[in-house]
Amino acid sequence: MRPIQILASKTLLVYFASVTVSANASSSRVPNSGHVAFSCGPQGLIHHTNETNGLKPKVTIICPQMPVMMDTRTEITCEVISSSYANITWYHNGQLISHKKKYNVKADRKTCDQTLKIKHAGANDNGNYTCVVVNSVGEETKTCSLVVKADKLKQVHIEYLKIAGHRKKAFLGGRATLTCSMFNAVGTVWRKNGRTVISNRHVWSTKHFFHGRGTKFYLEISNVTKDDEGLYMCSGYANGMSDNKTLYLQTGFRRKELIDLRMKHIINKCLLTVFSYCLRVILLHLSLQRKNLASLQS
């Protein structure tokens with residue numbers, strides 16, 4: 001009987017978190033009634049088994065020791081035994097894990113071993129992680145519940161509040177951005193003179209840094225007017241704690257615009273002075289004419 005030649009394949013396609021892995025094996029002699037299966041084991045070895053019938057994949061999920069401490073790296077491993085090609089997909093709380101810097105899926109090229117790596121675990125990473133494995137016969141799923149715990153209660157801290165661009169004031173008719181840098185905040189809000197800032201000209205936005213613990217909170221003001229002057233407060237909240245910083249925003253003209261305004265004022269003043277002088281000369285001339293006329297009539 002001719003031996004069955006198993007063609008080694010190391011094709012790995014990763015599209016978002018959906019990964020198709022082909023069976024990899026070196027040439028091997030097995031009974032013709034069976035199928036070559038591959039196992040994603042922790043040693044990265046391929047185990048050949050003798051299966052007479054096609055079966056659904058066998059899946060084992062390895063969870064990290066709970067709880068996972070906040071800001072640490074953690075990983076979940078999905079080990080699979082399948083008699084045919086297997087398609088492996090990861091989900092977090094029922095949502096497909098898309099390609100983000102936060103998550104990284106690593107697959108062993110010799111097996112279908114899959115490890116989901118989570119960088120700097122945070123509160124948003126709590127929940128159920130599901131490994132879904134599908135082959136030509138059927139589907140199998142395994143779920144791991146991840147619990148992220150803070151090592152200690154971290155206080156909200158606002159580092160600074162300033163006008164972007166190293167400005168001291170906002171220019172009338174232009175744009176101005178207030179930047180508030182804070183740490184460990186979950187909720188944020190902008191207030192002006194004690195009232196929440198809500199306007200089509202005032203746009204809030206955020207940007208995270210330092211592995212998600214830091215937040216830059218922006219207030220973008222378009223078409224600045226004199227009414228935008230006032231006391232602005234940036235507030236951050238978390239775990240029943242808060243921190244605030246204030247800044248008094250002044251408005252004014254740009255240097256060039258201010259010079260132009262001053263020149264215009266000087267020119268207007270000169271014109272007014274000349275007009276006033278000319279008017280006085282005319283009135284004096286009319287007065288002299290009246291006196292001369294009066295003297296002639298007498």
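Predicted model, so just to flag it, every value in this text is computed and none were measured.
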Q. Do Glu229 and Thr251 have a side chain donor and acceptor closer than 3.5 Å?
A. yes
Q: Give the C-alpha distance, both sets of side-chain angles, the deciding distance and a yes or no for disulfide bond (SG atoms under 2.5 Å apart) between Cys131 and Cys78.
A: CA-CA 7 Å; Cys131 172; Cys78 188; 2.0 Å; yes
(Q) Let me confirm one number: the CG-CG distance from Leu286 to Leu288, rounded to the nearest 0.5 Å. (A) 9.0 Å
Q) Under 3.5 Å, side chain of Ser287 to main-chain N/O of Leu283, donor-acceptor pair present? A) no
Q: Could you check if a side-chain atom of Ile62 sits within less than 4.5 angstrom of a side-chain atom of Glu79, using non-hydrogen atoms only?
A: yes
Q | Contact check, side chains of Thr89 and Tyr91, non-hydrogen atoms, under 4.5 Å | A | yes
Q) Any side-chain heavy-atom pair from Glu75 and Pro64 closer than 4.5 angstrom? A) no
Q: Could you tell me the separation between the OG1 atom of Thr141 and the CD atom of Glu139, rounded to the nearest 0.5 Å?
A: 6.5 Å
**Q.** Worked check of side-chain contact (heavy atoms from CB on, under 4.5 Å) between Asn87 and Asn135
**A.** CA-CA 6 Å; Asn87 187 11; Asn135 66 7; over 6 Å; no
Q.
Please say yes or no: joined through hydrophobic side-chain contacts below 4.5 Å, possibly via intermediate residues, are Tyr160 and Val156 part of one cluster?
A. no
Q: Examine Met233 and Leu178 and state if one hydrophobic cluster contains both, with Ile, Leu, Val, Met, Phe, Trp and Tyr joined whenever side-chain heavy atoms are less than 4.5 Å apart.
A: no
Q | Distance in Å, Arg191 CZ paired with Thr246 OG1, rounded so as to fall on 0.5 Å steps | A | 13.0 Å
Q.
Parallel, tilted or perpendicular, judged at 30° and 60°: which one describes the rings of His92 and Tyr129?
A. parallel
**Q.** Check SG atoms, Cys234 and Cys180, less than 2.5 Å apart
**A.** yes
Q | Plane angle bin for Trp204 and Phe217 - parallel if under 30°, tilted between 30 and 60°, otherwise perpendicular | A | perpendicular
**Q.** Val197 with Val189, same ILVMFWY side-chain cluster at under 4.5 Å
**A.** yes
Q | Pairwise side-chain contact, Lys168 with Ile163, heavy-atom cut-off 4.5 Å (strictly under) | A | no
Q.
Would you say Leu161 ends up clustered with Tyr237 if hydrophobic residues are merged whenever their side chains have heavy atoms under 4.5 Å apart, either directly or through other cluster members?
A. yes
**Q.** Close side-chain approach of Gln95 to Ile97, heavy-atom, < 4.5 Å
**A.** no
Q) Short question: side chain of Asn193, backbone of Leu231 - any donor-acceptor pair under 3.5 Å? A) yes
(Q) Taking Lys192 first and then Asp228, would you say they form a salt bridge - that is, a charged N and a carboxylate O separated by under 4.0 Å? (A) no
Q) Who are the side-chain contact (heavy atoms from CB on, under 4.5 Å) partners of Leu272, not counting sequence neighbours? A) none
(Q) If you define the side chain from C-beta out and look only at heavy atoms, does anything of Trp90 sit under 4.5 Å from Ile76? (A) yes
Q | Stepwise side-chain contact (heavy atoms from CB on, under 4.5 Å) test for Val80 and Ile88 | A | CA-CA 9 Å; Val80 179; Ile88 304 172; 4.1 Å; yes
Q. Ignoring hydrogens and geometry, is there a side-chain-to-backbone donor-acceptor pair from Trp190 to Tyr218 under 3.5 Å?
A. yes
Q: Can you establish whether the number of heavy atoms outside Arg175 located under 6.0 Å from its atom CZ is more than 12?
A: no
Q: Assess whether atom CG of Asn200 is packed by more than 12 heavy atoms of other residues, nucleotides or ligands within 6.0 Å.
A: no
**Q.** Asn128 versus Thr143, side-chain donor and acceptor atoms under 3.5 Å
**A.** no
Q: Output yes when a side-chain donor or acceptor of Arg201 lies under 3.5 Å from a complementary backbone atom of Asn223, and no otherwise.
A: yes
Q: Starting from the C-alpha separation in whole Å, work towards a yes-or-no answer on side-chain contact (heavy atoms from CB on, under 4.5 Å) for Leu146 and Met66.
A: CA-CA 7 Å; Leu146 191 69; Met66 300 298 173; 3.5 Å; yes
Q | Pair Glu159, Ser181: side-chain N/O donor-acceptor within cut-off below 3.5 Å | A | yes
Q. Rounded to the nearest 0.5 Å, how far does CD1 of Ile61 lie from CD of Glu140?
A. 11.5 Å
(Q) Strictly distance-based, threshold 3.5 Å: is any side-chain N or O of Asn93 a donor or acceptor partner for the main-chain N or O of Gly127? (A) no
Q | Reference residue Val148; test side chain to side chain contact (heavy atoms under 4.5 Å, CB included); the match among Ile118, Asn124, Asn126 | A | Asn126
Q: Let me see the working for Thr130 and Lys142 under side-chain contact (heavy atoms from CB on, under 4.5 Å), right down to the final yes or no.
A: CA-CA 6 Å; Thr130 303; Lys142 291 291 181 180; over 6 Å; no
Q | Flag if over 12 foreign heavy atoms under 6.0 Å of CZ, Phe275 | A | no
